[in-house]
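Heavy atoms only: backbone and side chains are in, while hydrogens, waters and symmetry mates are out.
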Amino acid sequence: KDELQQTSYQVDMTQEKIKMQEEYIKSLQKDNDKRLSALQEKINDSQQEIENYQDAIKVLDETIEQRKKEIADKETVSSKKKKIEQLEYKIKEKIKTLEKEIDFYEHYDNCPTCKQEIDAEFKSSTVDDKSSSLSETTNGFEQLQTEYKKITERLEEIQNVQDEINDLLTEVNGHNSQINAYNKLIQ
């Protein structure tokens, strides 16, 4: 009888241990399920963030392409600026030459080289021609300076747009870095 009680007690104890182990296993499964659920939620959130960044990159890329089209004339404008600078130099030299020649005919009655007298009618005619040429050249120079100013302003606009494009590219790179970070988090 004692032995029966002892065996009955051991059976009860074993059943109690089994019950405790089963509850412990259920508890572990619940914790595991919670962790899996939390991880899955993080993955879903990360995937959503990746999609958001990809959408933002797409919009930025479209903006960049649009802005690049706005400055497609950069090389043409730069080339035109260089040509105008060269022309300005040549015109300045021509103006100096004309001014010297006019000054010469206005102040000298005799040729300093051959000492011959310069005819008054020739002097007057030459000064008028040179003055007319100087006036036309000066007007052309002023027009050229106006064009140069426009081109310089356009180049400033182009540079501002290029700076905006660079800022947008930096933003795209930042988004790509975030996407890489989220991909590593998912893995």
Side-chain angles (χ1 to χ4, degrees), residues 1-92 140-187:
K1 202 174 184 186
D2 207 24
E3 212 176 287
L4 189 59
Q5 276 184 335
Q6 183 99 12
T7 306
S8 174
Y9 176 74
Q10 284 180 351
V11 167
D12 287 343
M13 285 297 281
T14 303
Q15 286 177 344
E16 189 63 34
K17 283 182 182 178
I18 290 172
K19 187 177 177 184
M20 284 176 57
Q21 286 294 324
E22 287 174 348
E23 287 177 10
Y24 179 69
I25 289 171
K26 283 181 185 178
S27 168
L28 287 176
Q29 282 179 333
K30 280 184 183 179
D31 287 346
N32 212 14
D33 289 345
K34 283 181 186 178
R35 277 192 229 132
L36 282 174
S37 178
L39 285 174
Q40 188 59 48
E41 190 174 323
K42 277 186 179 180
I43 289 171
N44 291 342
D45 291 346
S46 295
Q47 287 173 335
Q48 184 59 49
E49 285 297 318
I50 289 171
E51 287 178 25
N52 292 343
Y53 280 120
Q54 287 171 336
D55 291 343
I57 289 172
K58 184 178 179 184
V59 170
L60 289 170
D61 283 343
E62 289 170 0
T63 303
I64 289 168
E65 287 306 310
Q66 178 185 355
R67 300 301 278 168
K68 281 183 179 179
K69 289 177 185 175
E70 292 174 19
I71 61 171
D73 63 339
K74 180 180 181 180
E75 294 302 318
T76 305
V77 174
S78 292
S79 174
K80 198 171 186 181
K81 181 182 178 193
K82 287 178 185 173
K83 287 178 183 175
I84 288 176
E85 287 171 345
Q86 291 170 350
L87 274 174
E88 274 185 340
Y89 176 76
K90 289 178 183 177
I91 291 174
K92 282 180 185 177
F141 183 73
E142 289 170 0
Q143 290 174 355
L144 196 62
Q145 284 182 317
T146 302
E147 184 66 21
Y148 185 79
K149 184 180 178 186
K150 288 178 187 175
I151 285 178
T152 301
E153 289 171 357
R154 177 63 185 138
L155 282 173
E156 287 174 12
E157 290 172 7
I158 289 171
Q159 185 57 49
N160 290 337
V161 171
Q162 187 62 52
D163 291 343
E164 288 177 34
I165 289 172
N166 291 341
D167 291 343
L168 293 171
L169 287 170
T170 299
E171 196 173 339
V172 167
N173 287 337
H175 290 342
N176 280 327
S177 294
Q178 289 296 327
I179 288 172
N180 288 337
Y182 279 118
N183 280 330
K184 286 180 182 177
L185 180 70
I186 289 172
Q187 291 171 353

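- Counted by atom type alone, Gln6 and Asp2 present zero donor-acceptor pairs between their side chains at under 3.5 Å.
- Of the possible polar contacts, none joining the Ser27 side chain to the Glu23 backbone as a donor-acceptor pair under 3.5 Å is found.
- The backbone N or O of Gln10 sits less than 3.5 Å from a side-chain atom of Thr14, completing a donor-acceptor pair.
- Proximity of Tyr89 to Glu85: side-chain heavy atoms (C-beta onward) are nowhere separated by under 4.5 Å.
- Interatomic distance, CD of Glu51 versus CD1 of Ile179, reported as 10.5 Å (0.5 Å rounding).
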Verdict with supporting geometry, Glu70 and Arg67, salt bridge (Lys or Arg N to Asp or Glu O under 4.0 Å): CA-CA 5 Å; Glu70 292 174 19; Arg67 300 301 278 168; 2.5 Å; yes

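- Side-chain contact between Tyr9 and Gln5 is absent, with no heavy-atom pair separated by less than 4.5 Å.
- With Tyr148 as the fixed residue, the side-chain contact (heavy atoms from CB on, under 4.5 Å) test singles out one of Thr152, Leu144, Ile151: Thr152.
- Looking at Lys80 and Thr76, their side chains never come closer than 4.5 Å, going by heavy atoms from C-beta outward.
- Atom-to-atom distance recorded for Leu185:CG and Lys42:NZ is 6.5 Å, nearest 0.5 angstrom.
- Taken to the nearest 0.5 Å, the CD atom of Gln15 stands 10.5 Å off from the CD atom of Glu22.
- In this structure, Ser177 contributes its side chain and Asn173 its backbone to a donor-acceptor pair below 3.5 Å.
- A distance of 9.0 Å separates CE in Met20 from CE in Met13, rounded to the nearest 0.5 Å.
- Residues Lys74 and Leu155 come closest through the heavy atom pair O-CD2, 4.5 Å.
- Interatomic distance, Asp33 CG to Leu28 CG, rounded to the nearest 0.5 Å: 10.5 Å.
- Residues Val59 and Asp55 are not in side-chain contact: their nearest non-hydrogen atoms beyond the backbone lie 4.5 Å or more apart.
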For Asn52 and Gln48, what are the C-alpha separation, side-chain angles and deciding distance, and is it a side-chain hydrogen bond (donor to acceptor under 3.5 Å, both in side chains)? CA-CA 6 Å; Asn52 292 343; Gln48 184 59 49; 3.0 Å; yes

When you look at Arg154 and Glu157, which way does the salt bridge (Lys or Arg N to Asp or Glu O under 4.0 Å) test go after all the steps? CA-CA 5 Å; Arg154 177 63 185 138; Glu157 290 172 7; 3.3 Å; yes

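- Atom-to-atom distance recorded for Ile186:CD1 and Gln47:CD is 4.5 Å, nearest 0.5 angstrom.
- Judged purely by distance below 3.5 Å, without hydrogens or angles, the side chains of Asn44 and Gln40 pair a donor atom with an acceptor atom.
- For Ile64 against Leu168, the heavy-atom pair with the smallest separation is CG1-CB, 3.6 Å.
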Test side chain to side chain contact (heavy atoms under 4.5 Å, CB included) on Thr146 and Glu142 and set out the steps. CA-CA 6 Å; Thr146 302; Glu142 289 170 0; 5.5 Å; no

